[in-house]
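Model, not experiment: these values are computed from the prediction. Both backbone and side-chain heavy atoms feed into the values below; hydrogens, waters and symmetry mates do not. A, B, ... follow the sequence lines: proteins, then strands. Residue 1 opens every chain.
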Amino acid sequence: MAKHILVNCVHGREDAERATLPFIVGNVAATADQQCTVFLTAEAVRIATRGYADDVQAHGMKPLAEVLQSFLANGGVVWACGACTGPRGITEADLIPGARIVTAVNLVETLAGGAIPLNLT
Amino acid sequence: MSSPASHFLDAAGEACGTVTPVIRQALAPLAPGELLEVLTNDPATRAGVPAWCRLTGHMLVDSREDDAQRTRFWIRKKDQPSQPA
């Protein structure tokens with residue numbers, strides 16, 4: 001039976017490796033028939049905005065934009081923390097297709113429902 | 001494993017975190033029961049590919065280590081389409 005894996009991502013382009021790894025793992029989960037959500041907090045919320053990931057690439061890894069699109073195409077879900085998007089002036093209109101802004105309640109509901117949290121930072 | 005696979009995937013250059021999505025993509029057009037041979041050169045795939053097969057239900061028919069880096073896998077596509085339960 002498929003599990004729901006929730007991967008936290010807290011970094012943006014200031015740490016390309018830590019920004020990309022959650023999506024690599026998320027894509028592995030999504031293509032292994034598991035449900036996966038990457039939950040963006042802090043600076044990572046910018047990854048959900050159009051164009052931001054285009055010039056982010058860590059040494060030895062595929063470009064973030066490529067991994068992100070593959071993750072979404074394979075059924076992955078991207079959530080951006082509302083407490084973090086607000087102060088950064090990010091709204092739903094700024095987001096890439098497949099991403100949405102959620103609240104802590106959505107996060108807690110998902111975890112209470114049995115999702116497995118994973119923090120790679 | 002000496003019996004020929006119906007399809008071959010050269011996944012050399014793919015790392016442990018990227019090879020299984022590529023395998024899934026390669027399996028997609030195959031008919032159930034068809035055999036895919038996969039070549040990798042990341043030793044970490046020796047743990048990852050069998051785990052992926054266990055998770056997805058595709059059958060790992062055989063594997064062979066060509067050298068310290070390279071490994072071949074023979075994966076048979078399962079009868080049902082790969083989709084979340």
Undergrad: Are L36(B) and V49(B) joined in one hydrophobic group, where the rule is that I, L, V, M, F, W and Y side chains link up if heavy atoms are under 4.5 Å apart?
TA: yes

Undergrad: Is E17(A) atom CD crowded by more than 12 heavy atoms from other residues, nucleotides or ligands, each under 6.0 Å away?
TA: no

Undergrad: Give the interface residues of residues 46-74 of chain A toward chain B, defined by a heavy-atom separation under 4.5 Å.
TA: K62(A), N74(A)

Undergrad: Counting neighbours of CD on Q25(B) that are heavy atoms of other residues, nucleotides or ligands and sit closer than 6.0 Å, is the number greater than 12?
TA: no

Undergrad: A side-chain contact here means heavy atoms from C-beta on lying under 4.5 Å apart; do N27(A) and R24(B) qualify?
TA: no

Undergrad: Can you give me the closest heavy-atom contact between A32(A) and T56(B), atom names plus distance?
TA: CA-CG2, 3.7 Å

Undergrad: Same cluster for V28(A) and V22(B) if Ile/Leu/Val/Met/Phe/Trp/Tyr side chains link at under 4.5 Å?
TA: no

Undergrad: Are the side chain of W52(B) and the backbone N or O of T31(A) linked by a donor-acceptor pair below 3.5 Å?
TA: yes

Undergrad: Honestly curious: do L60(B) and L27(B) fall in one hydrophobic cluster under the side-chain, below-4.5 Å linking rule?
TA: yes

Undergrad: Side-chain heavy atoms nearer than 4.5 Å, only ILVMFWY residues, links allowed to pass through others: does that put V25(A) and L40(A) together?
TA: yes

Undergrad: Please report the shortest heavy-atom distance between I24(A) and G17(B), naming the atom on each side.
TA: CG2-O, 3.5 Å

Undergrad: Please determine whether residues L39(B) and F73(B) belong to a single hydrophobic cluster, defined as Ile, Leu, Val, Met, Phe, Trp and Tyr linked transitively by side-chain heavy-atom distances below 4.5 Å.
TA: no

